[in-house]
Protein chains: 2
Amino acid sequence: MPPTTTRNTPVIKDVARLAGVSVPTVSRYLNGTARVSDDKREKIAQAIKLLGYQPSFVARALANKVMDSVTMLTSLSTFWATTQINSGVESAARDKGFLFGVTSLDGISDSELESTVGRVMSANPAGVIVSESDEIAIQAMRLIPKDVPMVLVGGSRGDAPYQVMPSERAGGRCVTEHLLGLGHQNVVHVHRAEGPNNNTRTLGWRDAMAAAGLPANRSYQISEHLEDSRELGRRLAHDPSVTALFAGNDETAIALIRGLRDEGKRVPQDVSVAGYNDQLFSMIWEPALTTYSQNFVELGRAAFDMLYAQIEAKRAGQMAPEPQCRIIEGELIVRESTAAPRD
Amino acid sequence: MPPTTTRNTPVIKDVARLAGVSVPTVSRYLNGTARVSDDKREKIAQAIKLLGYQPSFVARALANKVMDSVTMLTSLSTFWATTQINSGVESAARDKGFLFGVTSLDGISDSELESTVGRVMSANPAGVIVSESDEIAIQAMRLIPKDVPMVLVGGSRGDAPYQVMPSERAGGRCVTEHLLGLGHQNVVHVHRAEGPNNNTRTLGWRDAMAAAGLPANRSYQISEHLEDSRELGRRLAHDPSVTALFAGNDETAIALIRGLRDEGKRVPQDVSVAGYNDQLFSMIWEPALTTYSQNFVELGRAAFDMLYAQIEAKRAGQMAPEPQCRIIEGELIVRESTAAPRD
DNA sequence: CTGAAAGCGCTTACAG
DNA sequence: CTGAAAGCGCTTACAG
């Protein structure tokens, strides 16, 4: 007969034995699922401490059909905003004792999408947060069973019952109005691909132009390769009607500035350039970048909070919270890269 | 009697029934754990497809004592390098069908560390990758049971049996030697806090100085707040002996440049400044930044690969792979921010 | 090659 | 308030 091998990690049975109670009683103690007499509580508490017991996530997940975890479905996973959002979700999840997972949708083909989402779901996450940055995220969202708590980050208002959105459109409008308010007769917009939703920075630009009675007829979509933006900046430098540029993000903004300067233009004297995101380097750039600051970490935390409310309600057997769409406001940061037109 | 409620997600029993075989047979088919006759294979395959069956991660994890997942233990979770590494690990993990989790150590006190790591372990990850950027990561590593596959990213050579390291020290030396090779008599080093290891950029700077017979006596540690670096740049501007600066990262580099210029210095004519990391904006900065490029995404992938080898060996009941330390090389990118001194 | 049985570590009715 | 029993969805010896 094999010697009883020393089990390294204690399990619930060990604490039950040590405390002199049954396993279900320990479980009840742990989950507050029923009253446990004070003396047993005491013993159990001691046993747990003594053993350094921690309940198994996976055994719980199997019994409960749900794991104490959130998983983030995302694309554009190396982009700045994405990483900040993830970080916010992770820290909020950790605070609640939830595990945090992420599976990115980058480079996934349509045919792989279903099995990818299926795999995520087969780990029984208590909830999932999908971060919308392109069409595939929206498709992924549709594959999530209706009964699992979910919140959508981004998207169009109404794309999902629970949403937290950055104020992209309002922000885009705000930046554009700042430029217009400075006296510019037109604002050219340069942006990377945007999500398929009605809350984009680009739409905000259109809003502002429309409100000013101006045609929103000059926008350029560029790639994420900064050289492309720089090249575009060079071209725009030769168009005297271009006096104000609103770039969809700070990186694009600085590349445009560089291109403008390659051709002898000065910023902001000859042309004003505003960015978006307020990345770390933006305040250091020369000239310091006028931009729109979004706290994406906070946005991630808000998304988790909204998810957690659903999870709790579901566990308590209560009705799901009211559908809601929370907007996280950002703020315009006016620095040196924008100014009134010269003449 | 309750009507048989329609089960939404199929389980292995459903597959077995539909295929007309026993549950263990399906399991063997799935895991290749034993021969299964061709006709049954066929039937099982069909049943799986028909049902859209995916094995439960958690049930497997409970039975196997191990989940098909990796979790990343990290600090400085919003820093650029960290996010890139995570992204690399995630994509490699996904390719192998592994779930990816991250729990950050930011803001965790020493007393919370044990329970935090304990919680991670109680989800039975197949392996964990710890990314060393400060002392707490090293402590966390020590709390991981010896029998769970682990790889350390960073650290000193020898800190763990399995390591993948960026060539930080060699890189730091390389950058410094570039500056020295240009003819500078001294290279001042400015860096943020670095991990407690012998592979830092700062040590590389010392190496180069020593090799050149120069005292490595001018270095400054600054915070992550770029204003601090800018302020330092202003101060250094007034010291004529400062002709070359090696900043520990690109963000610090551009802030230093900004500060230098605030006081009328030109880069690189008056002082050369090199950075480290080759972030997106570095090639766009004016002057384009000389820097050292590390592919952190690739480094993350390499870390997962090394982990996966351990996991596979363990599952196959084989001996663990030889301890190893893989260095991921980076490369010096010479651009415009460095030049020969004027004298 | 293949089933019946037992077990992974929990939780939840079911009876006291 | 508290045990004994059954079950969550798998896997792994154990016998054929």
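All chains are named by letter (A, B, ...) in the order of the sequence lines, taking the proteins before the strands, and each is independently numbered beginning at 1. Values reported hereafter were calculated over all heavy atoms of this structure, with side chains retained and with hydrogens, waters and symmetry mates removed.
By the 4.5 Å heavy-atom criterion applied to side chains, Met121(B) and Pro125(B) are counted as neighbours.
Using a cut-off of 4.0 Å between Lys/Arg side-chain N and Asp/Glu carboxylate O, Asp68(A) and Arg315(A) are scored as salt-bridged. Salt-bridge formation is not detected for the pair Arg326(A)/Asp305(A): no Lys NZ or Arg NE/NH1/NH2 atom is positioned less than 4.0 Å from an Asp or Glu carboxylate oxygen.
With dT2(C), dG9(C), dT2(D) as the choices, the nucleotide that has an atom nearest any side-chain atom of Val36(A) turns out to be dT2(D). The side chain of Ala34(A) lies closest to dT2(D) when the candidates are dG9(D), dT12(D), dT2(D). Between dG9(D), dC10(C), dT12(C), one nucleotide has an atom nearer to the side chain of Ser56(A) than all others, and that is dC10(C). Counting only heavy atoms from C-beta on, Asn31(B) has its side chain closest to dT11(D) among dT2(D), dT11(D), dT12(C). Nearest nucleotide to the Thr33(A) side chain, out of dG9(C), dG7(C), dT12(C): dT12(C). The listed nucleotides are dT2(D), dC1(C), dG9(C); the one nearest the side chain of Ser37(B) is dC1(C). Comparing dC8(D), dT11(D), dA4(D) by their closest approach to the side chain of Arg60(B) singles out dT11(D). In this structure, of dT11(D), dC1(C), dG3(D), it is dT11(D) that holds the atom nearest to the side chain of Ile12(B).
Within the 4.0 Å cut-off from OP1 or OP2 of dG3(C), at least one side-chain nitrogen or oxygen of Thr25(B) is found. Residue Lys65(A) places at least one side-chain N or O closer than 4.0 Å to OP1 or OP2 of dG9(D).
Counting to the nearest Å, the C1' atom of dC1(C) and the CG atom of Asp39(B) are 10 Å from each other. The distance between atom CG of Leu62(A) and atom P of dT12(C), rounded to the nearest whole Å, is 12 Å. In this structure, the CG atom of Asn124(A) is 19 Å from the P atom of dG7(D), given to the nearest Å. Whole-Å rounding puts the Lys43(B) NZ to dT2(C) C1' distance at 14 Å. Taking atom CZ on Arg35(B) and atom C1' on dT2(C), their separation rounds to 14 Å, with Å as the unit. Going from atom CE of Met67(B) over to atom P of dC8(D) covers 20 Å, rounded to whole Å. Atom CD in Gln54(A) sits about 11 Å away from atom P in dC10(C), given to the nearest Å. Note: CZ (Arg28(A)) to C1' (dT2(D)) measures 6 Å, nearest angstrom.
Contacts of Val23(B) with the nucleic acid, taken as non-hydrogen atoms under 4.0 Å apart, include base atoms. If you check every strand for non-hydrogen atoms under 4.0 Å, Phe57(A) touches nothing. When heavy atoms are screened at a 4.0 angstrom cut-off, Tyr53(A) is found touching the sugar-phosphate backbone but no base atom.
Few gaps surround CD on Gln318(B); more than 12 heavy atoms of other groups in view lie less than 6.0 Å from it.
At least one donor-acceptor pair under 3.5 Å links the side chain of Gln163(B) to the backbone N or O of Gly158(B). Side-chain atoms of Gln310(A) come within 3.5 Å of backbone N or O of Met150(A) as a donor-acceptor pair.
Stem list for DNA chain D (at least 3 consecutive Watson-Crick or G-U pairs, distances under 3.5 Å): C:1-3 with D:14-16, C:5-12 with D:5-12, C:14-16 with D:1-3.
For the residue pair Ala123(B) and Leu99(A), the shortest heavy atom distance occurs at CB-CD2, 3.4 Å. Shown here for Thr74(A) and Ser131(A), the closest heavy-atom pair between the two residues is OG1-CB, 3.8 Å.
Position along DNA chain C of the nearest nucleotide to Ala59(B) versus Lys40(B) favours Lys40(B) as the more 5'-ward residue.
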